[in-house]
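Reading through the structure tokens given below for one structure.
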4 protein chains.
Amino acid sequence: MTTQFHGIIGYTVTPFSHAGEQLDLPALGQCIERLIDSGVHVIAPLGSTGEGAYLSDSEWQQVAEYSLGSIAKRVPSIVSVSDLTTTGAIRRARFAQAHGADALMVLPTAYWKLSEREIVQHYRAIAASVDLPIMLYNNPATSGTDMPVELILRIVREIDNVTMVKESTGDIQRMHKLHVLGEGQVPFYNGCNPLALESFAAGAKGWCTAACNLIPELNLELYHAVLAGDLEQAKTLFYRQLPLLEFILKGGLPATVKAGLTLTGLDAGEPRRPVFALDQQNIEKLQVLLAQLR
Amino acid sequence: MTTQFHGIIGYTVTPFSHAGEQLDLPALGQCIERLIDSGVHVIAPLGSTGEGAYLSDSEWQQVAEYSLGSIAKRVPSIVSVSDLTTTGAIRRARFAQAHGADALMVLPTAYWKLSEREIVQHYRAIAASVDLPIMLYNNPATSGTDMPVELILRIVREIDNVTMVKESTGDIQRMHKLHVLGEGQVPFYNGCNPLALESFAAGAKGWCTAACNLIPELNLELYHAVLAGDLEQAKTLFYRQLPLLEFILKGGLPATVKAGLTLTGLDAGEPRRPVFALDQQNIEKLQVLLAQLR
Amino acid sequence: MTTQFHGIIGYTVTPFSHAGEQLDLPALGQCIERLIDSGVHVIAPLGSTGEGAYLSDSEWQQVAEYSLGSIAKRVPSIVSVSDLTTTGAIRRARFAQAHGADALMVLPTAYWKLSEREIVQHYRAIAASVDLPIMLYNNPATSGTDMPVELILRIVREIDNVTMVKESTGDIQRMHKLHVLGEGQVPFYNGCNPLALESFAAGAKGWCTAACNLIPELNLELYHAVLAGDLEQAKTLFYRQLPLLEFILKGGLPATVKAGLTLTGLDAGEPRRPVFALDQQNIEKLQVLLAQLR
Amino acid sequence: MTTQFHGIIGYTVTPFSHAGEQLDLPALGQCIERLIDSGVHVIAPLGSTGEGAYLSDSEWQQVAEYSLGSIAKRVPSIVSVSDLTTTGAIRRARFAQAHGADALMVLPTAYWKLSEREIVQHYRAIAASVDLPIMLYNNPATSGTDMPVELILRIVREIDNVTMVKESTGDIQRMHKLHVLGEGQVPFYNGCNPLALESFAAGAKGWCTAACNLIPELNLELYHAVLAGDLEQAKTLFYRQLPLLEFILKGGLPATVKAGLTLTGLDAGEPRRPVFALDQQNIEKLQVLLAQLR
């Protein structure tokens, strides 16, 4: 299986109506329209930014179904189906496939630290339950599991429909290793916003980001400068958007992106507790940062 | 509120009937009888060892109700009610209180890293929802959240019914700090098995452990040697059980404790996937370790 | 070779006459008299506290000769002979032996990270150049080299006159491992002041400390309580001296111990630059801490 | 003072005649001729690769004088004058200036961890002792001191002749911060070979490397591709040389670069003990790597 994506892969938020309690699906629909209008290449519902980890099973299914219905194949979709249990992840994977997802993203979240054998088997079981291509996602900061490059490549080689790798450790040398040990054949994607420039320099096929909810033009222009091989322009574009990229990473993606959407006219509500909404001081900082990029 | 525990606080496992799929409540009942017969001072259902993080809400409630019914106030109980969302943790806290728990344990599990403000508010909301004493639990390795001693003491001081602290970082100097900054007034408990001896030397009131499912006599004897102030005897007892303590920590508590229970005649099934049961080689190692302690 | 020490092993400072520039040997002599009068079991010149790393070869030799002459075999001496080059360490080792040292301490300081093979060979070459027993010293924070317990025990087993181990990582579990893998036969010593109590509980034979320049009675009383197996008394004595132990560790041993000596009537001068003397605010803090322990 | 360098800054080794014992100055001269012939932009004697930390004062002076005499201003020179004591570093700085160095490099090596105040004062004292521009060098892995970007910029701003920054933590985000907080005005240089590509993408003015002793053409071509803004060509050139860059980093620069020089006809001897020469197996690996780049 050789499906792969390229370019800007945009994460959706999951809007709530009050203090993170009730789903606000119409707001989710608006968020998706904005992303499609902006020209992102792929849409990724229910990722970290989408607070997928904080939803009940029933909510998760509502958001998945609604998102896929709204995207309606206008761009490809990749749905994050991570769950602490293998059974739960399989249930989500099948649900996403049944409702039209083009690909799945799987982060091996862990309470008890997983062995390599357990990680491989987790991927194998999920992959066997669907026909879709899967993007393996490495992000020890949120998942508690750090997969070394050798393990990642073993999974890609052993499991047919694991075809893409998203790397979010923030260590650019992992991407070198993916490129070299993968002999340039394994498409990898950057999930660490402040590495947007260097990951493209190192050969990343795409950039998975929630920033495109707020500054899609700058994200896309950076990608196009890279495609054109124009290093100077890419650098200028990168440093222009870096303060915002760092702000949303530091403030937490759900809180900062939701605040940014609200500032730009789309009320996305607050994150679910225990995660707080952005406080007033940071909302004002974000407003200044956004204004500087207009 | 001054409720506090002392001595050996024993964790239950959650037995499953097949590959971690179905709850096996009768086996859970046997596990609890063993712990009570062994003389542990407190029983702690649904903790890390109890795979609380891997249960559905409905399963969690069945296990909580069944455990509390089985313990039947013969010894005090402390139920872990952690959940990724504040709302979920409150729901569990109220359920445990309604079914007779004597205390609650709360670990601030996180997907998105929590700020100090968010952690305090999470504890405040859970504590306000019940009348029970709460043991704050710090274990960054499983929860992804590391609470410095200053934050822990702030929570204990600001929230009336947070009265006990379980420390599992493995850094004995955290306990020094709890003792010194807490002016000897904040009872703390050790949750890191290989620090059993030194944490008592540093002033811990108790030892939260799953090892008492397998070697309760040795755990209790160590505690009694400490109570008697007999350092030499405590050291001898500690080094005698250390190989087993390290084995169960390294192999993962649910997998190793369940294997040990099965070896000693109580079939507790396997952990839930993606966590694997102990493999044959390690089962044999465990058998040897247990035989050496008979 | 089975030479080993026990009890309190006291480090000397190296007094300077002005801003760390000129050696003040008479003050060094007074420092040594104080240590001997206080009853410490062993004296250790030219260690970390003695700023051995900051001395020229000629200064180092003057201090070694003067110290050994002053100690005059009234108590055993152990001289630190560490140097970045193997040749330099051998030169110091031979000098110390020629001037009457009873044992040597060797820390494998590194600029370029050393492989295990290089570390073993470094110890082998130094050990072969003398007849004295050697204490291997592990302290990655100052040396840049962290020796795992397995490597340490390999060196002890392969090299006859490496007979003692000083552990200063601050991880009490290293001492468990030294005890278990060394089958209780390898004497180990604690070099991390805030672990004074727990390292004795774990079986350390002695405590290498500069604190005995300031509070030798408390250091010795803790050791005697441990020898008597009186855990409660040991704990009380430990927590009594802990604030001072943490203060001198945090403030840097040469600066804080020299300031403390000056406060107690022995002008030891300042550390050599770039290390600063204690500032006025911290001198006052130290004065309060010392007054509380009188 | 605005002196700054750009391009490839090449480190010299310090050849020894036997097992790291005697200086081999004629071999050093050949090494320098090669570097000049290859077209590197600047030559840097006595750095990490040059084993400056392992030389006696007298040896250090011989190497400094011989190197500067050989370079003879044909390209600019930057001499590393680091020493554990401030007095020693000043002595070396003055010596280098007196013998014609164009600039100095200063790494704050530490035995006792330095406070920010101590680091600033160390730089201030060295800078005040000479008229030359100074490159501040941050490399916690060898020096034991990690200077955060804010501290680095404070030093650059407060001390006139500290005009350049060499960053070797391997964290590309430090360079973003140097660029952003330094408002694009503080020239920074990459000292981490595997970041050669990305550091240029992030705006580094030059690359400090010992690799140019072995593959100067590839190093220079990468720099020229970057200057031309040709990202695709830069990437191709980078990945071509990456295996060698990683090999020399992993094997230790003095050992691997000396082995590589010997393989290419310039006998540079072995590193000084405790550092070992490359073993036969790795010499063969290096030979293969070099052959692939011919």
Side-chain angles (χ1 to χ4, degrees), chain A residues 19-21 47-59 82-91 107-126 139-145 249-256 271-277 279 282, chain B residues 19-21 47-59 82-91 107-126 139-145 249-256 271-277 279 282:
Chain A
E21 289 309 312
S48 302
T49 307
E51 298 174 70
Y54 297 84
L55 301 180
S56 71
D57 277 343
S58 140
E59 289 173 327
S82 309
D83 187 74
L84 207 56
T85 65
T86 305
T87 302
I90 288 173
R91 190 165 50 235
L107 175 76
T109 50
Y111 183 88
W112 288 104
K113 199 172 160 46
L114 298 174
S115 70
E116 298 214 340
R117 204 164 59 102
E118 289 168 337
I119 294 168
V120 173
Q121 186 52 31
H122 184 63
Y123 274 102
R124 197 185 299 281
I126 299 165
N139 188 352
T142 56
S143 73
T145 305
L249 188 63
K250 199 180 153 198
L253 291 174
T256 51
R272 180 160 282 185
R273 299 291 171 272
V275 180
F276 279 5
D279 62 22
N282 277 303
Chain B
E21 289 308 313
S48 302
T49 306
E51 297 174 70
Y54 297 83
L55 301 180
S56 72
D57 278 342
S58 141
E59 289 173 326
S82 309
D83 187 74
L84 207 56
T85 66
T86 305
T87 301
I90 288 173
R91 190 166 48 235
L107 176 76
T109 50
Y111 183 88
W112 289 104
K113 199 172 159 45
L114 298 174
S115 70
E116 298 214 341
R117 204 164 59 103
E118 289 167 336
I119 294 169
V120 173
Q121 187 51 33
H122 184 62
Y123 274 101
R124 197 186 299 281
I126 298 166
N139 189 351
T142 56
S143 73
T145 305
L249 187 65
K250 199 179 153 197
L253 291 174
T256 52
R272 181 159 280 184
R273 299 289 172 274
V275 180
F276 278 5
D279 62 23
N282 277 303

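Not measured: the values here are computed from a predicted model. Each chain gets a letter, A, B and so on, in the order its sequence line appears, and its residues count up from 1.
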Checklist entry - So which of P271(B), P254(B), G252(B) has the largest heavy-atom pair count under 4.5 angstrom toward chain A? => result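 Heavy-atom pairs under 4.5 Å are most numerous for P254(B).
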
Item to check | Option in E118(B), K113(B), R117(B) with maximal non-hydrogen atom pairs under 4.5 Å from chain A | outcome: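 Result: the option with the highest number of such pairs is E118(B).
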
Do [X] and [Y] have side chains that approach each other closer than 4.5 Å (heavy atoms only, starting at C-beta)?
X       : Y       : answer
V275(B) : Y111(A) : no
R272(B) : T87(A)  : no
W112(A) : L253(B) : yes

Next on the checklist: Less than 4.5 Å to any heavy atom of chain B: does that hold for the side chain of R273(A), its backbone, both, or neither?
Outcome noted: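 Both parts, heavy atoms under 4.5 Å.
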
Next on the checklist: Can you tell me which portion of L84(A) sits under 4.5 Å from chain B's heavy atoms? Options are side chain, backbone, both or neither.
Outcome noted: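 Interface part for L84(A): both.
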
Item to check | Under 4.5 Å from a heavy atom of chain A, the part of L107(B) involved | outcome: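 Contact with chain A: side chain only.
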
Item to check | Residue from L114(B), I126(B), T145(B) passing side-chain contact (heavy atoms from CB on, under 4.5 Å) with P274(A) | outcome: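 Of L114(B), I126(B), T145(B), side-chain contact (heavy atoms from CB on, under 4.5 Å) with P274(A) is met by L114(B) alone.
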
Item to check | Heavy-atom pair count under 4.5 Å with chain B, highest-scoring of S48(A), G144(A), A53(A), A110(A) | outcome: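 Among S48(A), G144(A), A53(A), A110(A), the one with the most close pairs to chain B is S48(A).
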
Item to check | Exercise: identify the closest heavy-atom pair between Y54(A) and T85(B) | outcome: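 Closest approach of Y54(A) to T85(B), heavy atoms only: O-CG2, 3.6 Å.
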
